[in-house]
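Keep in mind the model is a prediction, meaning the values are calculated, not measured. Residue numbers start at 1 and run along the sequence shown. Heavy atoms only: backbone and side chains are in, while hydrogens, waters and symmetry mates are out.
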Amino acid sequence: MTEPSDAIIPILQRIQADIAETKRDLGRRIETIGETLAHHGEKLEAIEGYLTYGLGLTARNSSDIETLKADIEEIKRRVAALERR
């Protein structure tokens, strides 16, 4: 006579093997995703550096433009004062 465990044990072993395979596959995928995220993080840091540099240049140029406008106004004022003499 066949024992119930004789029929159940192979099924449980297959389930256990499937679970182990799934865990290995998930582990590989998580590792791959981690590498991808690290790569993207490096790229974002580089982009952040370029943006910071670009914004710094823009702010400096704006400051220089304002200084030049003030200098032009001063020159115009002086020329106007000389012409009145």
Without placing hydrogens or testing angles, list every side-chain donor-acceptor pair under 3.5 Å for residues 11-28, not counting sequence neighbours.
{"unit_1": "Thr22", "atom_1": "OG1", "unit_2": "Asp18", "atom_2": "O", "d": "2.8"}
{"unit_1": "Asp25", "atom_1": "OD2", "unit_2": "Arg29", "atom_2": "NE", "d": "3.4"}

Connected-component partners of Leu51 among ILVMFWY, side-chain separation under 4.5 Å: Ile47
Minimum side-chain heavy-atom gap Glu35-His39 below 4.5 Å: no
Residues clustered with Leu37, ILVMFWY side-chain links under 4.5 angstrom: Ile33
Side-chain donor/acceptor pairs under 3.5 Å, residues 72-79, sequence neighbours excluded:
{"unit_1": "Glu74", "atom_1": "OE1", "unit_2": "Arg77", "atom_2": "NE", "d": "3.4"}
{"unit_1": "Glu74", "atom_1": "OE1", "unit_2": "Arg77", "atom_2": "NH2", "d": "3.0"}
{"unit_1": "Glu74", "atom_1": "OE2", "unit_2": "Arg77", "atom_2": "NH2", "d": "2.4"}
{"unit_1": "Glu74", "atom_1": "OE2", "unit_2": "Arg78", "atom_2": "NE", "d": "3.2"}

Point-to-point distance, once rounded to the nearest 0.5 Å, from OG1 of Thr67 to NZ of Lys69: 11.0 Å
side-chain hydrogen bond (donor to acceptor under 3.5 Å, both in side chains) contacts in which one or both residues fall within residues 46-63, not counting sequence neighbours: none
